[in-house]
Amino acid sequence: MNKISFYTLGCRLNQSETAVIERTFESVGYRIVDFQEPADVVVINTCTVTENGDADTRRLVNKVNRINPKARIALVGCQAQVQREQLTKLPNVRWVVGNARKMDIVHILKDADLDAPPEVITPPIGKDSFTIPMAGIDRKHTRVNIKIQDGCDFFCSFCEIPYARGRARSRVFEDISKEATILAAAGHKELVITGINVGTYGYKGFTLMDVIESLEQISGVERIRISSIEPTTIPEKLIAKMAGRTKLCRHLHIPLQSSQDVILKSMKRNYTFDQFKDWITAAHAAIPQICLGTDIIVGFPGETESLFEGAVRQIKDLPMQYFHVFSYSKRNMAKGRKLAGEVPSSLISQRSKILRTLSQRKRHLFYSSLCGTTQNVLFEQQKKGAWTGLTDNYVRVNVLAAQDLTNKVCPVEFQKILDDNVEGILK
């Protein structure tokens, strides 16, 4: 077995871990090939946040068996941790490895008896601080994820991530700086801080703010972005720092989940809508042109028509630029599965469409407010004749240019709003 391919489902944390796993295989002589190419082994990093994540794994396994029927499949990560018995029944699945051991997958495959039955490796997940064996240099993306934390102690009633990822634990502080230095030397100018609950980071007195300060000191790092942060964990100093001279991107993704206090209480979210609104309003007022995003769950048990209508009115008035809309789905280990007041799937679809339309309108208003301004763009690749990249405040920008702009930060004047991005010219 010397050819291996990878596919990542789910969150940025999964992407970060896949990048590290790829490098470990490469370091022992494996040849990494594209997912569509013939391979001896296919590793799929799974997601189980929603039913759709579970279904994506099944669809992907079927796709592998169509295009690569001789490959042995390794399913690793969150779904592997909590649905091991079901996954071993999928065709050509040879390994099911949970989160406690997925970073050891290279050693598991090296020592495996290839003719043995499917192997399930899902030991309990520990609580200790951790290091990462190798820098996750990402050759597919300009921006790179850096993992600082894993697990969660919140146990929201809609979520089974604490069971799939374990309890909250933090990465050794010095190990973060070590990897970041390597990533910057490899050419990554933007680091995206990732974890399950990054605001809870804590190692020997070091906090998230200390992580940010240390990353800012690394030569070659031009931007630091926080992927997502829970509202109750936002450090007091974060907003002030983002408003000043800093490498922090003017972008915060803060999950709300619901704007109705009765639903928030049922979800086991430890804040009210008014508290959330205060946090968002303070950030919006303090940081010019900040982009604020959130997550909304539609169809949580007990969400009546009047509650949903009230949610739309409240969310409409929030100073937020976009939101990701998720359809509620029962999770086997989450406490929400026992709640009464189930919402029909057809109604969830209708409500989701209303919120996605509202999100698109809010995003366009934000883009329009930036027209005529000049923003720095980190360009990633050329697509359909135009160079595309992101501003620090999370605006996708297209530019026509003859020169190669890959991984370059350039000032761009915003001129025209497109469907989901902005068209501009280099300044």
Side-chain angles (χ1 to χ4, degrees), residues 8-21 43-54 56-57 74-87 95-105 108 120-133 136 145-172 175-176 192-203 208 211 226-230 232-233 253 255 257 267-270 295 297 324 326 329-337:
T8 305
L9 296 169
C11 64
R12 283 192 170 277
L13 184 54
N14 270 7
Q15 294 173 20
S16 170
E17 291 168 339
T18 299
V20 174
I21 294 170
V43 178
I44 300 173
N45 199 352
T46 64
C47 173
T48 192
V49 169
T50 65
E51 287 179 354
N52 287 337
D54 294 344
D56 286 342
T57 298
L75 301 179
V76 306
C78 292
Q79 192 180 356
Q81 185 75 30
V82 297
Q83 297 184 25
R84 43 194 175 273
E85 290 82 7
Q86 299 96 307
L87 296 183
W95 299 275
V96 176
V97 183
N99 280 314
R101 292 291 309 279
K102 77 176 178 185
M103 304 306 283
D104 300 325
I105 186 69
I108 294 170
V120 176
I121 305 172
T122 56
I125 301 170
K127 300 179 183 179
D128 295 335
S129 300
F130 60 92
T131 59
I132 291 179
N145 304 298
I146 184 164
K147 175 181 176 179
I148 70 163
Q149 185 274 342
D150 205 343
C152 184
D153 294 337
F154 284 9
F155 289 90
C156 300
S157 65
F158 55 80
C159 182
E160 65 178 357
I161 290 304
Y163 305 97
R165 283 276 182 177
R167 303 303 290 268
R169 56 204 182 278
S170 298
R171 184 175 178 181
V172 172
D175 198 54
I176 299 172
V192 184
I193 294 174
T194 68
I196 294 298
N197 200 339
V198 298
T200 65
Y201 178 87
Y203 175 78
L208 172 62
V211 171
I226 300 172
S227 60
S228 179
I229 186 167
E230 286 291 318
T232 57
T233 70
H253 188 94
Q257 309 303 3
M267 287 178 166
K268 307 295 184 186
R269 304 287 286 179
N270 294 321
D295 295 333
I297 294 175
H324 296 156
F326 295 90
S329 58
K330 287 183 180 180
R331 301 286 78 204
N332 292 333
M333 294 183 177
K335 295 177 182 178
R337 72 187 187 281

**Report entry** Side-chain heavy-atom pair I297, M267 within 4.5 angstrom cut-off
**Finding:** yes

Requested in this report: Check side chain to side chain contact (heavy atoms under 4.5 Å, CB included) between S16 and all other residues, then give those that pass, not counting sequence neighbours.
Outcome: N145, K147, T194

**Report entry** Pairwise distance CG(N45) to OG1(T18) - rounded to 0.5 angstrom
**Finding:** 4.0 Å

Report task. Taking the side chain as every heavy atom from C-beta outward, state whether F154 and T232 have any pair of such atoms under 4.5 Å apart. Result -> yes

Query raised in the report: At their closest point, which heavy atom of T200 faces which heavy atom of A168, and how far apart are they?
Result: OG1-CB, 4.4 Å

Query raised in the report: Can you find a heavy atom in the side chain of H253 that is under 4.5 Å from one in the side chain of D295?
Result: yes

Query raised in the report: Say you draw a straight line from OG of S129 to OH of Y201; how long is it, rounded to the nearest 0.5 Å?
Result: 7.5 Å

Report summary line: Closest non-hydrogen contact found for S170 with G202 is OG-N, 2.9 Å

Report task. Please tell me if the side chains of Q149 and V211 come closer than 4.5 Å, counting only heavy atoms from C-beta onward. Result -> no

Query raised in the report: Do L208 and T233 have side-chain heavy atoms sitting under 4.5 Å apart?
Result: no

Report summary line: For P255 and Q257, the nearest pair of non-hydrogen atoms, with its separation, is CB-NE2, 3.6 Å

Query - Any residue meeting side chain to side chain contact (heavy atoms under 4.5 Å, CB included) with E51, in chain and number order, not counting sequence neighbours - result: S329, R331

Report task. For R269, check salt bridge (charged side-chain N to carboxylate O under 4.0 Å, His left out) against everything at least two apart and list the hits. Result -> E230

Query raised in the report: Do you know which two heavy atoms are closest between S157 and A334, and how far apart they sit?
Result: O-CB, 3.4 Å

Query raised in the report: Atom NZ of K268 and atom CZ of F155: how far apart are they, to the nearest 0.5 Å?
Result: 13.0 Å

Query - Spatial distance of atom CG (N99) from atom OG1 (T46) [nearest 0.5 Å] - result: 7.5 Å

Requested in this report: Go through the structure and list residues passing side-chain hydrogen bond (donor to acceptor under 3.5 Å, both in side chains) with D153, not counting sequence neighbours.
Outcome: R167

Report task. State the CE-CD1 distance between M103 and I21, to the nearest 0.5 angstrom. Result -> 5.0 Å

Query raised in the report: For the atom pair CD1 (I146) and OG (S227), what is the distance rounded to the nearest 0.5 Å?
Result: 11.5 Å

Query raised in the report: Where do S228 and V198 come nearest, in terms of heavy atoms and distance?
Result: O-CG2, 3.3 Å

**Report entry** Contacts of C159 that satisfy side chain to side chain contact (heavy atoms under 4.5 Å, CB included) - sequence neighbours left out
**Finding:** C156, I161, P162

Query - R337 side chain to K330 backbone, donor-acceptor under 3.5 Å - result: no

Report task. Not counting sequence neighbours, which residues clear side chain to side chain contact (heavy atoms under 4.5 Å, CB included) with C11? List them please. Result -> L13, N14

Query raised in the report: Out of R165, E160, Q79, which one pairs with T48 under the side-chain hydrogen bond (donor to acceptor under 3.5 Å, both in side chains) rule?
Result: E160

Query raised in the report: Which atoms form the tightest heavy-atom contact between P123 and R101, and what is the distance?
Result: CG-CG, 3.6 Å

